Amino acid sequence: MKTMNPVSNLDDLEIIDRILKGEPSFYELIVRRYNSYLYKIGRSYNFNHEDTEDLMQDTYVDAYKNLDKFQNKASFKTWLIRIMLNNCYRKKERPNNKNEVSKDQFNENAQAIFMNNNNETGKMVNRKELNSIIEQALSKIPEDYRMVFSLREITGLNVAETAQLLDISEVNVKVRLNRSKAMLRTQISIAFQGEYLYDF
């Protein structure tokens with residue numbers, strides 16, 4: 001007997017089609033599918049947990065309002081991430097922006113309000129200690145390199161997608177990624193020694 005695929009297995013275009021045809025409740029699938037990616041991008045810009053949540057909310061609202069304008073020239077994931085990047089950039093450029101991270105840096109208990117604890121965390125390191133070390137080191141390297149590392153290694157975008165989002169060449173993406181890794185190793189070696197470094 002043939003069984004129907006669960007709703008969660010719908011691809012992005014199928015979900016968008018259902019939403020545009022009058023089923024807005026399907027937008028929750030989009031939120032659950034991409035919240036961890038958007039959260040990591042906000043934190044990669046060094047925004048704190050609360051500001052990142054606000055930026056995610058803005059991004060989901062912006063995307064929903066413009067869903068009918070999505071032309072599928074790039075993947076929906078890339079389109080959504082571009083909206084998040086634009087929102088992060090605008091917030092960073094505001095004169096009164098408080099772009100600070102709390103002393104506890106990336107609180108391991110901090111979760112975006114959208115976050116589904118069952119979501120795959122991609123290439124992020126599983127061990128909490130090493131995860132925290134890498135995140136703290138990331139916050140200390142220049143933004144141009146930090147964003148390439150975030151999009152490639154944390155968000156899982158390919159070279160072409162990263163180049164398109166950041167408006168740089170693919171060669172630049174590769175160069176910045178290599179340099180960001182070298183910077184991270186340096187930052188980690190300054191503060192930590194032992195098994196963590198070998199793992200990294």
Side-chain angles (χ1 to χ4, degrees), residues 5-94 96-99 101 106 110-124 135 138 143-144 146-168 170 173:
N5 287 331
V7 172
S8 59
N9 286 346
L10 294 175
D11 65 33
D12 291 342
L13 293 180
E14 290 172 321
I15 294 172
I16 292 169
D17 184 59
R18 298 286 288 269
I19 295 169
L20 294 177
K21 286 181 176 177
E23 298 182 81
S25 61
F26 275 77
Y27 199 61
E28 181 183 353
L29 296 176
I30 295 293
V31 172
R32 292 183 179 276
R33 188 168 291 177
Y34 293 112
N35 57 26
S36 62
Y37 296 107
L38 300 191
Y39 187 77
K40 291 165 188 173
I41 288 171
R43 297 310 296 264
S44 294
Y45 261 99
N46 278 356
F47 290 117
N48 62 30
H49 173 70
E50 291 75 18
D51 285 344
T52 298
E53 283 190 334
D54 290 342
L55 286 161
M56 291 171 68
Q57 288 179 330
D58 291 344
T59 297
Y60 283 123
V61 170
D62 291 344
Y64 185 81
K65 288 180 177 178
N66 294 282
L67 209 54
D68 60 337
K69 298 177 183 176
F70 174 63
Q71 299 178 352
N72 199 27
K73 291 181 179 179
S75 69
F76 179 78
K77 177 181 177 181
T78 302
W79 185 75
L80 186 64
I81 287 174
R82 180 181 293 279
I83 295 173
M84 180 67 172
L85 288 173
N86 288 339
N87 285 337
C88 288
Y89 178 78
R90 283 195 294 269
K91 182 173 179 61
K92 188 187 69 169
E93 294 300 305
R94 292 174 194 159
N96 62 345
N97 175 48
K98 296 179 180 179
N99 187 14
V101 179
F106 292 81
Q111 293 275 349
I113 58 175
F114 303 105
M115 205 156 273
N116 179 353
N117 291 331
N118 293 323
N119 280 355
E120 177 63 38
T121 55
K123 295 183 179 180
M124 286 296 289
E135 287 178 326
L138 261 177
E143 184 177 290
D144 287 347
R146 187 168 68 241
M147 293 314 301
V148 168
F149 183 89
S150 176
L151 293 175
R152 287 285 289 117
E153 298 298 322
I154 300 176
T155 309
L157 298 183
N158 61 36
V159 173
E161 290 170 329
T162 303
Q164 180 185 21
L165 283 169
L166 298 180
D167 196 25
I168 59 178
E170 293 185 18
V173 170

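Small disclaimer: the values here were computed from a predicted structure and weren't measured.
Asp54 has no carboxylate O lying under 4.0 Å from a charged side-chain N of Lys91, or vice versa, which leaves the two without a salt bridge. Remark: Lys77 does not engage Glu161 in a salt bridge, criterion side-chain N to carboxylate O under 4.0 Å. By the 4.0 Å N-to-carboxylate-O rule, Glu93 lies too far from Arg90 to be salt-bridged with it.
For the pair Tyr37 (side chain) and Ile81 (backbone), a donor-acceptor distance under 3.5 Å is absent. For the pair Arg43 (side chain) and Phe47 (backbone), a donor-acceptor distance under 3.5 Å is present. Side chain of Glu53 to backbone of Glu50: no donor-acceptor contact under 3.5 angstrom is found.
Sparse packing is recorded around CG of Asp167, with 12 or fewer heavy atoms of other residues, nucleotides or ligands lying under 6.0 Å away. Heavy-atom neighbours of Glu28 CD from other residues, nucleotides or ligands within 6.0 Å: at or below the threshold of 12.
Rounded to the nearest 0.5 Å, atoms OG1 (Thr59) and CG (Asn35) are 12.0 Å apart.
No side-chain heavy atom of Arg18 sits under 4.5 Å from any side-chain heavy atom of Leu29. Residues Leu67 and Ile30 form no side-chain contact, since every pair of their non-hydrogen atoms from C-beta on lies 4.5 Å or further apart. Residues Trp79 and Asn72 have side chains not in contact (no heavy-atom distance under 4.5 Å, counting atoms from C-beta outward).
Ring geometry for Tyr27 versus Tyr64: interplanar angle over 60°, hence perpendicular rather than tilted (30 to 60°). Aromatic ring orientation, Phe76 versus Tyr34: tilted (interplanar angle from 30° to 60°).
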